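These numbers come from a predicted model, not from an experiment. Atom set for the values below is all heavy atoms of this structure, side chains included, hydrogens, waters and symmetry mates excluded.
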Number of protein chains: 2
Amino acid sequence: MFYMGEKYNKFSKYFVAVDCVIFGYEDGDLKLLLYHRGFEPAKGMWSLMGGFVGEKESSDTAARRILKNITGLEDIFLEQVEVFTEPERDTEDRVVSIIYYALIRIDKHNSDKVRENGAHWWSMKSLPDFIFDHKEMVNKALEKLQLKAGMELVGSELLPDKFTLLQLRRLYEAIFQKELDTGNFRKKVLSLKVLQRLDEKNTTESRRGAYYFKFIEGAKEKSFDRIVKI
Amino acid sequence: MFYMGEKYNKFSKYFVAVDCVIFGYEDGDLKLLLYHRGFEPAKGMWSLMGGFVGEKESSDTAARRILKNITGLEDIFLEQVEVFTEPERDTEDRVVSIIYYALIRIDKHNSDKVRENGAHWWSMKSLPDFIFDHKEMVNKALEKLQLKAGMELVGSELLPDKFTLLQLRRLYEAIFQKELDTGNFRKKVLSLKVLQRLDEKNTTESRRGAYYFKFIEGAKEKSFDRIVKI
DNA sequence: CCAAAAGTGTTTATAATACACCCATGG
DNA sequence: CCATGGGTGTATTATAAACACTTTTGG
C-alpha cells in the first residue's frame, strides 16, 4: 500500500492474534467459555480463547479455526468487536489482538473437547479474574451483543431449535441484565413475525405448560426494530 | 499471552497499518479527504490516508498522528470501524489494516497542509475510484457514522461553532442520504436540549434569516435517542 | 387451594409522521 | 408580489410502558 510515501521496511511487524468472547446460554444463564491458566505468571486466572493469525488466513478464518478446535462447531455466528493495540498490553512481545464475539449453542457443542482444552463455562453473573485486558474485551463484546440483540431477535444462535417464550425472555434478560415485562416482551417478539408456534408444549418449567416456538427459516426482520431499548 | 499453548515463534508477524476515513462537511455536502496516487500501479486512483503503527504507539495514537500531519488538527473525533485482514489485500506484503473514521471541521483545518500532501476533499455524492478495498472501508465507516448520528446529535465535530438548523438538517440529510422533514427534524433536535439559540441570524441562506444555534457545552444527551431511523 | 408461569387485554403516555399554514424579505 | 426557507401547529398513527386479570395444573 502507499502509506504517505513511507517505505515498508522502516516499520515493524507485530504478532496478530484473535481473542474470542464465546457466549452460550444454559439454565437461564448467559455464559462465557473461558480458558484456565495453569501456570505462572497469572496462574489461576482465566483468559479468552485465542490464537495467532496464520499466514494464509484472515482473522475471521483464524477465529473460526479456533472455535472449531475448541467446540467442534462450524458455522458459528461471529462478529468483530474491536482491536486492542496498546504497545504494552502483552508482556511477552507486541501483540495486536482482534476481538470477536461468538454465539454458541451449548446443546450442540462438543463438551469433551472443551474439557480437554481446559476450558470452562462461566456464568456472566459471576465471572472469575481475567488476565491482562480480557475483562475489558468481555465488556465491549457484551455491548456489541446488546446492540445486535436490540436490533434483531437473537436466539437461533443460542437457544435450542425449539424453545418457550419464557426461555427467550430469560435469554434477553440475561443479555440486557435487567428484567423485562412478560406481556410486553411477548407482544413485541411475536409482532416481529419471525417465530412459529409449534403444537407441542414444554411442561417442565410450568404447571400449565408453554408452547414451543421455533424460528421461521429465512425470516429475518426486514428493518431494524428495537426490541429492547438500551 | 497464552494462545492455547502455542509458541510465539511458530507464528508470523505482519505490518499493522491504520487507514482513516476522514469526513468533513462543507457547502451542504458530506466530504471525504482522499489522497491521490500519482504513480503506478493504480496511478490516478485515490486512497484513504494511512500509515503504519509505530513501535511505541497504539493504533489510536497512530491515527491521531496521521490526522495531525495532514490536517494540522488535534483533538479530533475518532472511532474504530473494523479491521481488514485478508491475506492478499495488499499486493506488496501482508498488511493488517485498522480502519478509523474521523470527523473534521473543515473550517478549522489547515488547507495548505492538505494540499501539500496531495490530498483533496471529495463529495460523498461523487466519489472517485479507490485502490484496493478502500471503497468497502468507506462504506463501513459511513454505516458506523450513521449509527452514531442516529443515537446522538453529531454536528459539533463537523459544523462551525454556530450554525442554523437548515445547516444541521442538511448535514443529517448528507449522512443518511435521504431527505428529512423540516418541522419534524426541528422538533426532534430541539427536544434533545443540547442546542442553544443565539441572538444572531444568518441571512445569507434565506430571505427571512435563520437563528444561529450552538451546542451547549457538556450537554450530551443522557440516553441513546433515535434521531433518524436507519 | 395455592403458587407460578402462561397468556390476553386495557389504559396511558410518548414518539413518529405527514402536512398545513403563516411569516419575512430580497430581488 | 412571489419564491424560498423559517418557524409553528395539529391530526393521525404507531409504539412503549405499566399493569390488571384470567387460565392452567402439579403438588
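To the nearest angstrom, C1' of D/dC2 lies 9 Å from CZ of B/R207. The nearest whole Å value for the distance from the CZ atom in B/F185 to the P atom in D/dT8 is 15 Å. Taking atom CG on B/N184 and atom C1' on D/dA14, their separation rounds to 14 Å, with Å as the unit. Going from atom CG of A/L168 over to atom P of C/dA5 covers 16 Å, rounded to whole Å. Counting to the nearest Å, the P atom of D/dG26 and the CD atom of A/E205 are 16 Å from each other. Computed from coordinates, the A/K201 NZ to D/dT25 C1' distance equals 10 Å when rounded to whole Å. B/K188 places its NZ atom 15 Å from the P atom of D/dT15, with the value rounded to the nearest Å. A straight line from CD of B/E179 to C1' of D/dG5 spans 14 Å, rounded to a whole angstrom.
Between B/A210 and A/D181, it is B/A210 whose nearest contact on DNA chain D lies nearer the 5' terminus. Between B/G183 and A/R208, it is B/G183 whose nearest contact on DNA chain D lies nearer the 5' terminus.
Remark: A/K188 is not positioned above the aromatic ring of A/Y172, lacking an NZ or CZ atom under 6.0 angstrom from the ring centre and at most 45 degrees off the axis. A cation-pi arrangement is not found for B/K148 relative to B/Y101, the charged atom failing to lie both closer than 6.0 Å to the ring centre and inside a 45° cone about the ring normal.
Residue A/L166 places its side chain closer to C/dA5 than to any other of D/dA17, C/dA5, C/dA4. For A/K187, the listed nucleotide lying nearest its side chain is C/dT10; candidates were C/dT10, D/dG5, C/dT25.
At least one side-chain nitrogen or oxygen of A/R186 sits closer than 4.0 Å to the OP1 or OP2 atom of C/dG7.
Side-chain contact of A/D29 with A/S123: a donor-acceptor pair under 3.5 Å is present, judged by distance alone. In this model, a donor atom of one side chain and an acceptor atom of the other lie less than 3.5 Å apart for A/D60 and A/Y100.
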